[in-house]
Number of protein chains: 2
Amino acid sequence: MEPDAQGPDTLDRAFMALADPVRRAMVARLSRGDATVNELAEPFAITKQAVSKHIQVLEHAGLVTRSRDAQRRPVHLDAAALERLTAWIDQYRLIAESRFRQLDELLGAGIPHEEQTRKEESK
Amino acid sequence: MEPDAQGPDTLDRAFMALADPVRRAMVARLSRGDATVNELAEPFAITKQAVSKHIQVLEHAGLVTRSRDAQRRPVHLDAAALERLTAWIDQYRLIAESRFRQLDELLGAGIPHEEQTRKEESK
DNA sequence: TAATTGATCAACTGATTTGTTGATTAAGAG
DNA sequence: CTCTTAATCAACAAATCAGTTGATCAATTA
């Protein structure tokens with residue numbers, strides 16, 4: 001029923017969300033506990049409307065969720081969403097690193113790799 | 001001489017670089033080995049100029065480096081740059097998760113957490 | 001030298017992003 | 001009901017981004 005679990009461009013939106021220093025600071029703040037829009041706005045020299053939009057970006061990216069507490073809308077960090085991002089990155093980092101290791105062995109350990117990989121197909 | 005190691009907005013650029021499906025596909029491809037612009041362009045229905053720009057975005061973000069091989073410019077994935085990204089994310093994910101764990105203990109294990117954290121300052 | 005290949009530069013368009021101000025909704029407090 | 005607080009909606013300006021076409025540069029090959 002949910003083909004392509006949580007959308008294909010969820011990664012787009014999530015990485016995009018983290019590509020802004022204001023939103024990264026918000027994530028850092030939220031890692032320490034839920035917070036309201038006003039609390040999140042406090043460290044910044046921008047309007048509360050702008051902060052509200054930043055939160056919507058984080059929410060639309062699936063990085064945070066929101067609840068209700070009277071007229072407050074506490075923002076909650078979703079750690080699992082962060083994990084999905086590191087999982088994506090690590091997947092390819094590990095492939096690359098294992099390739100480097102193989103190369104090092106082949107070249108007889110000593111040189112701590114760095115820009116090789118071709119030189120094979122240079123013929 | 002280099003205050004603020006590799007720039008403050010390096011994270012901006014790196015996350016921004018990964019916020020595009022074409023560039024993520026390139027990272028995936030490069031994890032399997034260096035490649036030229038033409039090789040990277042092959043899977044996509046966009047011009048080579050557009051691909052060239054994508055590579056420049058990745059390069060400016062510090063995610064890839066480039067060398068020379070005659071008129072070819074092989075692109076090389078920098079695994080260490082990927083690791084810096086996961087390090088940033090994990091830092092805050094771990095803070096949030098350890099907070100969840102503390103809460104779970106306090107509430108007597110059983111409920112696998114999810115949207116609590118306030119209810120303390122509701123007074 | 002001339003032609004080909006790999007890749008970049010330059011200029012332009014359309015879409016999206018970030019921020020603003022001003023008005024509006026929603027819930028509580030006097 | 002009125003006022004205050006928390007937050008959002010709407011419309012707009014400035015900047016940036018992804019993509020295009022057309023021209024150029026650099027290195028190899030005929």
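All chains are named by letter (A, B, ...) in the order of the sequence lines, taking the proteins before the strands, and each is independently numbered beginning at 1. From a predicted model like this one, the values you see are computed outputs, not experimental measurements.
Rounded to an integer number of Å, the gap from CZ of A:Arg72 to P of D:dT5 is 12 Å. Straight-line distance from the CG atom of B:Asn38 to the P atom of D:dA26: 19 Å, rounded to whole Å. Taking atom CG of A:Leu58 as the reference point, atom P of C:dT18 lies 10 Å away to the nearest angstrom. Put simply, CG on A:Leu40 is 13 Å from C1' on D:dA6, counting in whole angstrom units. A:Asp12 has its CG atom 13 Å from the C1' atom of C:dT16, to the nearest Å.
Proximity of A:Arg66 to the phosphate of D:dT8: a side-chain N or O atom is located under 4.0 Å from OP1 or OP2.
For the pair B:Leu63 and B:Leu85, the minimum side-chain heavy-atom distance is below 4.5 Å. You'll find the side chain of B:Asp9 stays beyond 4.5 Å of the side chain of A:Pro21, heavy atoms only.
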Using the 3.5 Å cut-off, write out each protein N or O paired with an N or O of nucleotides 25-30 of chain C and the distance between them.
none

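Between A:Asp20 and A:Arg24 there is no salt bridge, since no side-chain nitrogen of the basic residue lies less than 4.0 Å from a carboxylate oxygen of the acidic one.
Closest approach of B:Glu39 to B:Arg29, counting heavy atoms only: OE1-NH2, 4.1 Å. The two atoms that bring B:Gly62 and B:Ala81 nearest to each other are O-CB, 3.2 Å, heavy atoms only. Closest heavy-atom contact between B:Leu30 and A:Arg99: O-NH2, 3.4 Å.
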Legend entry - Contact state string [nucleotides 16-23 of chain D, B base, S sugar-phosphate only, - no protein heavy atom under 4.0 Å]: -SSBBBB-

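Using the six-membered ring where Trp is involved, A:Phe15 and B:Phe15 have ring planes that are parallel, under 30° apart on the 30 and 60° scheme.
When the shell of 6.0 Å around CD of B:Gln91 is examined, it contains more than 12 heavy atoms from other residues, nucleotides or ligands.
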